[in-house]
Amino acid sequence: MSLDAQHVEEELPDLSDPLWYSGGRAEELWAFLRERAPLFRTERTTGDSFWSVLGHPLANAVLRDSETFVSSRGMRLDSPPAPTAQAAGRVLIVSDPPRHGSIRRIISSAFTPRTVRRLESTIRRTASDIVDAAVAEGECDAVQMAARLPVSVICDMLGVPREDWEHLLHQSMTAMNSGGDREIEIEANSEILAYYEHLVRLRRKDPGDDVVSALIHGEVDGVPFTDEEIILNCNALLSAGNETTRHSMVGGLLAFIRFPGEWDRLRADPGLMPTAVQEILRHASPVLHVLRTAVRDTRIGDRAVADGDKVAVWLPAVNRDATVFDDPDRFDVGREPNRHLALSAGPHFCLGSSLAVMEITVLFEELLKRVDRPELTGEPRRVRSNFIQGYETAPVTLRRRTE
C-alpha cells in the first residue's frame, strides 16, 4: 500500500487493514496522521465503523474511563461476535468493573512470595538455557529463541507440571506459526483447550500455588467459576502473556541491532536496565490496538462519540507521540520519563506486567553477558495482523563475547 498526502487528505486510511503493518511503514503513517487527525472515524467496507485514537492524552483518557468505554463488548477489532459474547464478563480481558476487579484479585492471589520466587527461578534458568543454545548455534531465529521463555513462565504460573511444558510449548508454537493454515491452527488450539480441561481436573485433585488452583477455589459474588470459565481465562492468559512478551523481546533485540550504540551503552552501564526495559516495551509496542465500546453519548477531545461506538486505541502510534516523547523514533535506553502505554492503562493495565518486565530484564542480562553484538543475517518478516505488531521470523547472529 502506498502513503501519500493527497490520498490521506482525500480519504483517511482504514487502520484495521493489516497491510499497513506487514510492510514496515506504519511509523510513517502514524506520524502523518497524528499531525492531521489524532482522532478520526473509519467507515469500513464491511459496514461497521470505529474511531481511531492516535494521540497520547486522548488514549490515556479513554483507557482510564472504564465506566464510559467498556471492554466486555470486545477488546479487539474483528473478534468473532459469538465467542466474544460467550467470554464477556467471564474472562478477565473482556470484563468490566466491578466484576473485572474480582477476577483480577483472584488471579493475583496466586502470586504469593513463594510463587514469585519460583517463577523468577524459572525465568533465570530458562533464559540462561536458551541464550546458551543460541550462542552455541551462532545463528538463530530470534522469534523461536524468545518464544520458549514466556511459555515456560506461563506454564509454571498456571500450574502445568514441568513434564508437560514441552507439549504446551509445541502446541503454542504450532498455533502461532501455522503459516495461515486454519486447519493446523484450529487443531493446535483444540489441543491446548483439551489440555486445560485435563489441568483443571488435575488441580481439583491436587491444588498448588498457581493460577488454576486460585481460579478453582475463587468465587465472584459467591459463585464459583465453572470449568469453562477457568479454561477460557487460562487460554487468554497464555495468549496475552506469550504474544506480548515474546514480541517485545524480539522487537527489543532488533532495536539494539538498529541502534548498536545503545547496546554498548547498556553494557557499559547495567544500571540503565530498568529504563532500557521500559524503552523496549515502548519501542516494540507489541499490541497494535485495544478496543473499547462507548456505553453512553460522550466526547473524546472535541469530537462527539455516540453510545455504541467502537474506539480503537493504536498503542504504537500513541507511544510515538512527539508531544510526550522527545525524538520518539529513537531507541534510548536511558529515556526518562517514559509514560508509554504499551501495557495499557487504567483497570486493564497488564496483570502480568511485573513478570513481563522480569522476563525481558533477565533475557537481556543473559544476552549482554554472552553476546558480543547481535547482527541481522536476513530480512525479518513481519506478522500480517492488525492486532499484533511483531515478526514471524527474525534471523540473527549471536556471536559469543570473548572479552
Side-chain angles (χ1 to χ4, degrees), residues 60-76 79 81-116 118-119 153-160 193 196-197 199-245 287 290-296 311 313 341 343-357:
N60 202 32
V62 169
L63 294 175
R64 292 181 183 279
D65 186 358
S66 60
E67 292 185 1
T68 304
F69 302 102
V70 303
S71 300
S72 54
R73 299 190 191 179
M75 49 77 65
R76 57 178 289 188
S79 292
T84 299
Q86 179 190 22
R90 307 170 73 196
V91 177
L92 184 69
I93 58 173
V94 283
S95 60
D96 299 307
R99 185 173 177 84
H100 173 270
S102 299
I103 299 173
R104 190 179 179 104
R105 282 190 293 275
I106 290 167
I107 294 174
S108 297
S109 71
F111 294 94
T112 62
R114 182 170 67 173
T115 301
V116 171
R118 187 187 76 230
L119 292 173
V153 174
I154 294 165
C155 283
D156 196 351
M157 179 182 78
L158 292 176
V160 176
L193 292 175
Y196 287 144
E197 289 185 38
L199 183 62
V200 171
R201 291 195 298 270
L202 179 67
R203 287 290 162 252
R204 284 196 185 281
K205 295 176 184 175
D206 184 20
D209 295 327
D210 55 72
V211 168
V212 171
S213 298
L215 287 168
I216 286 171
H217 294 97
E219 295 182 351
V220 177
D221 298 329
V223 180
F225 289 97
T226 65
D227 284 5
E228 182 186 31
E229 288 170 337
I230 297 170
I231 290 166
L232 288 171
N233 275 285
C234 287
N235 202 44
L237 289 169
L238 175 67
S239 177
N242 183 34
E243 292 283 298
T244 54
T245 308
V287 176
V290 290
L291 188 69
R292 299 290 186 264
T293 303
V295 290
R296 58 190 177 203
V311 180
V313 177
L341 300 178
L343 301 176
S344 194
H348 281 272
F349 179 74
C350 177
L351 174 66
S353 60
S354 59
L355 276 181
V357 166

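The figures that follow rest on heavy atoms only: side chains count, while hydrogens, waters and symmetry mates do not.
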Checklist entry - Under the side-chain contact (heavy atoms from CB on, under 4.5 Å) criterion, do L351 and R104 qualify, and how do the steps go? => result CA-CA 8 Å; L351 174 66; R104 190 179 179 104; 3.8 Å; yes
Next on the checklist: With side-chain contact (heavy atoms from CB on, under 4.5 Å) as the criterion, how do F111 and D209 come out once you've worked through the C-alpha distance, each side chain's angles and the decisive distance to 0.1 Å?
Outcome noted: CA-CA 8 Å; F111 294 94; D209 295 327; over 6 Å; no
Next on the checklist: Test side-chain contact (heavy atoms from CB on, under 4.5 Å) on I106 and V220; report intermediate values, then the result.
Outcome noted: CA-CA 9 Å; I106 290 167; V220 177; 3.9 Å; yes
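Sequence neighbours left out, the pairs with a member in residues 214-238 that pass salt bridge (Lys or Arg N to Asp or Glu O under 4.0 Å) are R90-E228, R90-E229, R204-D227.
Looking at R76, its side chain never comes within 3.5 Å of a backbone N or O of L291 through a donor-acceptor pair. Side-chain N or O atoms of S213 include none that pairs as donor or acceptor with a backbone N or O of R203 at under 3.5 Å. Not one N or O on the side chain of D96 forms a donor-acceptor pair closer than 3.5 Å with the backbone of G89. Here the side chain of S239 pairs no donor or acceptor atom with the backbone of N235 at under 3.5 angstrom. With hydrogens and angles disregarded, a donor-acceptor distance shorter than 3.5 Å links the side chain of T115 to the backbone of A110.
Checked by atom type, the side-chain pair T84/R73 shows no donor-acceptor distance below 3.5 Å.
A 4.5 Å side-chain heavy-atom check between R292 and V313 finds every atom pair outside the cut-off. Taking 4.5 Å as the limit, every side-chain heavy atom of V211 sits out of range of all side-chain heavy atoms of C234. Within the 4.5 Å cutoff, the side chain of P113 has no heavy atoms near those of the V116 side chain. Between T293 and F69, the closest side-chain pair of non-hydrogen atoms is not below 4.5 Å. Within the 4.5 Å cutoff, the side chain of S66 has heavy atoms near those of the P347 side chain. Using a 4.5 Å heavy-atom cutoff, the side chains of Y196 and L158 are in contact.
The shortest non-hydrogen separation linking A236 to V91 is CB-CG1, 3.7 Å.
With rounding to the nearest 0.5 Å, the separation of CD1 in I154 from OG1 in T245 is 6.5 Å. A distance of 6.5 Å separates CG in L341 from CG in L63, rounded to the nearest 0.5 Å. Atom CE of residue M157 and atom CZ of residue R118 lie 10.5 Å apart, to the nearest 0.5 angstrom. To the nearest 0.5 Å, the span separating CD1 on I231 from CG on L199 amounts to 9.0 Å. Interatomic distance, OG of S71 versus CG of L92, reported as 9.5 Å (0.5 Å rounding). Residue D210 holds its CG atom at 9.0 Å from CG of L215, rounded to the nearest 0.5 Å.
F225 pairs in a side-chain contact (heavy atoms from CB on, under 4.5 Å) with only one of the listed residues (I216, V200, I103), which is I103.
Looking at residues two or more places apart in sequence or on another chain, you find a side chain to side chain contact (heavy atoms under 4.5 Å, CB included) between S109 and A214.
Environment of CD in E67: sparse, with no more than 12 heavy atoms of neighbouring residues, nucleotides or ligands closer than 6.0 Å.
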